[in-house]
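Okay, so here's the structure we're looking at.
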Amino acid sequence: MKILKRVAIGLACIVAFYYLSFGTLYLAGFRVYRFPTAAMEPTIPRNEMAIGRLSEFYRNKISRFDIAVCRVRLEGSEELYGKRVIGLPRERITVNAQGVRIDGRVLALPAAMNREGLSIKPCELTIPNDAVFVLGDNTPNSADSRYLGPILKKDVVGYLVFKK
């Protein structure tokens with residue numbers, strides 16, 4: 001009977017530690033996101049899990065090339081997507097077969113970004129004060145700001161911390 005009691009106490013301690021650890025991370029805003037599309041390949045493969053952090057404060061500290069978690073409304077539903085931030089508020093952005101230009105200067109894109117898809121949907125616009133311009137790394141296969149327009153900062157719910 002003493003062995004059974006020790007096992008029960010041990011299991012209770014393990015369960016309590018598990019919930020305390022992950023509960024604390026959850027309360028701190030950390031979430032696991034699944035990337036259901038190939039839009040961020042090769043950085044994040046289809047159906048890959050990644051850890052992001054919810055943060056309203058992040059909206060005021062968004063940096064170029066961050067992978068932001070954005071709320072996107074498509075066909076009457078709302079989904080969360082991870083996209084790479086390319087353009088910041090008040091910048092003039094041009095996307096075409098020659099690449100991406102910010103305020104007339106060529107932007108050196110991360111090596112993981114596929115440049116072939118940039119010519120599929122060229123665009124040129126000035127990003128509003130309350131928005132950012134995002135692209136998927138797999139530009140031929142990404143519903144991003146070229147199609148959706150700039151993403152409002154209020155729809156940026158967090159950022160990617162790391163992936164497995």
Side-chain angles (χ1 to χ4, degrees), residues 22 25-26 28-164:
F22 288 105
L25 290 172
Y26 186 86
F30 290 94
R31 302 289 187 276
V32 176
Y33 297 101
R34 186 169 120 330
F35 286 74
T37 69
M40 285 301 294
E41 286 183 345
T43 306
I44 304 169
R46 176 181 294 187
N47 291 320
E48 182 84 9
M49 303 293 249
I51 306 252
R53 181 148 192 244
L54 299 177
S55 174
E56 289 188 24
F57 300 111
Y58 171 68
R59 294 175 184 157
N60 299 320
K61 298 187 300 182
I62 297 173
S63 297
R64 193 177 325 279
F65 304 131
D66 286 353
I67 298 177
V69 178
C70 311
R71 190 179 307 116
V72 176
R73 290 164 193 85
L74 293 172
E75 301 171 6
S77 69
E78 187 174 278
E79 299 286 333
L80 291 177
Y81 288 99
K83 301 288 181 188
R84 191 175 299 276
V85 176
I86 300 297
L88 301 172
R90 297 179 297 284
E91 292 180 334
R92 180 84 182 152
I93 188 164
T94 305
V95 178
N96 57 32
Q98 287 75 44
V100 176
R101 291 182 174 271
I102 302 286
D103 296 330
R105 281 180 255 136
V106 175
L107 181 65
L109 297 172
M113 288 193 77
N114 180 343
R115 289 149 182 82
E116 292 175 20
L118 296 176
S119 62
I120 295 172
K121 176 77 167 131
C123 69
E124 185 171 342
L125 58 94
T126 298
I127 303 164
N129 289 342
D130 62 344
V132 293
F133 190 92
V134 297
L135 289 174
D137 284 359
N138 186 5
T139 56
N141 188 20
S142 177
D144 48 40
S145 288
R146 295 172 296 159
Y147 300 93
L148 305 169
I151 303 295
L152 295 175
K153 281 185 174 182
K154 71 179 180 84
D155 289 331
V156 175
V157 297
Y159 56 96
L160 193 68
V161 177
F162 60 89
K163 65 184 193 81
K164 73 172 193 169

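Start at 1 with the first residue, then count along the sequence.
- Remark: Arg46 pairs with no residue by the salt bridge (Lys or Arg N to Asp or Glu O under 4.0 Å) rule, at least two apart or across chains.
- Between the side chains of Lys83 and Ser142, at least one donor-acceptor pair of N or O atoms lies under 3.5 Å.
- The CD1 atom of Ile44 sits 8.0 Å away from the CZ atom of Arg84 when rounded to the nearest 0.5 Å.
- To the nearest 0.5 Å, atoms CD1 (Ile151) and CD1 (Ile127) are separated by 11.0 Å.
- For the pair Asp66 (side chain) and Val85 (backbone), a donor-acceptor distance under 3.5 Å is absent.
- With hydrogens and angles disregarded, no donor-acceptor distance shorter than 3.5 Å links the side chain of Arg53 to the backbone of Tyr159.
- Side chains of Tyr81 and Asp144: a donor-acceptor N/O pair is absent below 3.5 angstrom, by distance only.
- In this structure, the side chain of Ser145 engages the main chain of Val134 through a donor-acceptor pair within 3.5 Å.
- When each of Asn141, Asn114, Asn138 is tested with Glu41 by the rule side-chain contact (heavy atoms from CB on, under 4.5 Å), just one qualifies, namely Asn138.
- A salt bridge links Asp155 to Arg73: one of the charged nitrogens lies within less than 4.0 Å of a carboxylate oxygen.
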Exercise for review: Could you please spell out the steps behind the side-chain contact (heavy atoms from CB on, under 4.5 Å) verdict for Ile86 and Ile93?
Suggested key: CA-CA 9 Å; Ile86 300 297; Ile93 188 164; 3.9 Å; yes
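- In this structure, Arg105 does not pair ionically with Glu91, as no charged nitrogen and carboxylate oxygen lie closer than 4.0 Å.
- Using a 4.0 Å cut-off between a side-chain N of Lys or Arg and a carboxylate O of Asp or Glu, Glu124 and Arg92 qualify as a salt bridge.
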